[in-house]
Amino acid sequence: MKTLRNPVPRVSSLLLVPVAAYLTLAPCAWAGTVRGVVKMPDASRSTRLYQGYWRLENGNVPVQTSGGVKVETVVVLENVKGAHAPSARTITIELGSLDARPRLVITGPGSVLARKNTGKVRHELSTPETPDVMPLETLAPGATRHARFDKLGGFVIRDSEYPHIMISVIIVGTTYFAPVDDKGAFSIPNVPDSNATLKVWTRGKWVAEQQIETGSLGKEELTIKVVSQRDREKAEQEAKAAE
């Protein structure tokens with residue numbers, strides 16, 4: 001008569017196979033892609049962000065910043081079930097030719113922003129709306145300075161000498177975000193079935209916000225229309241007049 005050797009481990013291993021398969025396949029059943037288009041006001045659709053010229057000793061030169069407002073626009077999904085913040089990292093911003101590259105940074109809490117002056121002029125940089133984050137600092141040509149961003153939210157770095165220079169720093173607690181492309185389109189993959197808050201940041205501020213149910217979207221594309229400041233103020237005045 002033969003004796004079975006170690007029968008319990010054999011049964012246990014058979015039971016683990018379907019469990020492992022379930023854990024591997026389950027996320028695919030509830031993860032989808034949130035996609036859509038952000039439509040900007042007509043006045044912001046120019047491919048040139050800043051209109052004007054700088055007066056130099058040898059003449060006038062145009063402000064060299066191209067790409068349009070879309071290079072400073074990002075869509076963020078907040079309050080997504082199970083979301084976590086991106087890892088902290090160090091990001092370098094280069095300032096040269098009277099411009100900053102990149103002008104939009106999206107990262108997690110604890111990240112460090114290194115500002116490197118590759119040009120020939122001095123910059124006076126700060127976050128004037130939140131001076132405790134980055135007080136006014138002088139950045140001489142060839143110098144590099146660092147600032148740490150610990151709080152969630154949107155922060156704007158401005159240059160007191162050259163007001164057209166503006167750097168948006170978005171500190172998020174979620175990995176579900178995406179910048180828009182040159183047509184205003186965005187795509188955020190692998191979003192779990194959840195109620196979420198969709199927010200749009202552009203040119204230094206939050207300009208749109210709406211609640212969505214990611215699981216009910218399917219292949220539907222969202223259309224987010226950003227209202228200009230003038231139209232928003234007009235609508236507010238009309239609303240007050242109607243009261």
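Residue numbers run from 1 in the order of the sequence given. Owing to the predicted nature of the structure, the values given are computational and were not obtained by experimental measurement.
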(message) Would K151 and D132 count as a side chain to side chain contact (heavy atoms under 4.5 Å, CB included) here? Give the steps.
(response) CA-CA 11 Å; K151 300 178 182 178; D132 58 314; 3.0 Å; yes
Rounded distance (nearest 0.5 Å) linking atom [atom1] of [X] with atom [atom2] of [Y]:
X	Y	atom1	atom2	answer
T33	I188	OG1	CD1	9.5 Å
I157	I165	CD1	CD1	11.5 Å
L125	I93	CG	CD1	10.5 Å
L136	E124	CG	CD	5.0 Å
S216	D193	OG	CG	8.0 Å
R158	I167	CZ	CD1	11.0 Å

Using side-chain heavy atoms (C-beta onward) and a distance below 4.5 Å, is [X] in contact with [Y]?
X	Y	result
T73	P179	no
L198	V75	yes
F186	V34	yes
V76	W201	no
Q211	N195	no
T107	F149	no
L77	I212	yes
K183	V37	no

Taking all non-hydrogen atoms of both residues into account, name the closest pair between [X] and [Y] and its distance.
X	Y	answer
G119	P141	O-CB, 3.5 Å
P128	V156	CD-O, 3.8 Å
Y162	R122	CE1-O, 3.7 Å
G204	S168	N-OG, 3.5 Å
T214	A196	CG2-CB, 4.3 Å
Y176	P192	OH-CD, 3.3 Å

Would you check if the side chain of [X] reaches a backbone N or O of [Y] as a donor-acceptor pair within less than 3.5 Å?
X	Y	value
S194	V80	no
N117	A143	no
S187	R35	no
H146	T90	no
S111	R89	yes
T118	L95	yes
T127	M134	yes

(message) Quick check on E213: does its CD atom have over 12 non-hydrogen neighbours (other residues, nucleotides or ligands) under 6.0 Å away?
(response)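 At most 12 heavy atoms, drawn from other residues, nucleotides or ligands, come within 6.0 Å of this atom.
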(message) What I want to find out is whether D159 reaches R115 closely enough, with some N-O distance under 4.0 Å, to be called a salt bridge.
(response) no
(message) Under 4.0 Å between a side-chain nitrogen and a carboxylate oxygen: does that hold for E94 and R101?
(response) no
(request) Is it possible for you to say whether L152 and V105 belong to one hydrophobic cluster, with membership spreading through side-chain heavy-atom contacts below 4.5 Å? (result)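 In one cluster: yes.
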(message) Membership question, hydrophobic clusters at under 4.5 Å side-chain separation (ILVMFWY): are V112 and F155 in the same one?
(response)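 No, because F155 and V112 fall into different hydrophobic clusters, even though each may have its own neighbours under 4.5 Å.
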(message) Pair E221, T223 - check side chain to side chain contact (heavy atoms under 4.5 Å, CB included), show working.
(response) CA-CA 7 Å; E221 291 195 0; T223 299; over 6 Å; no
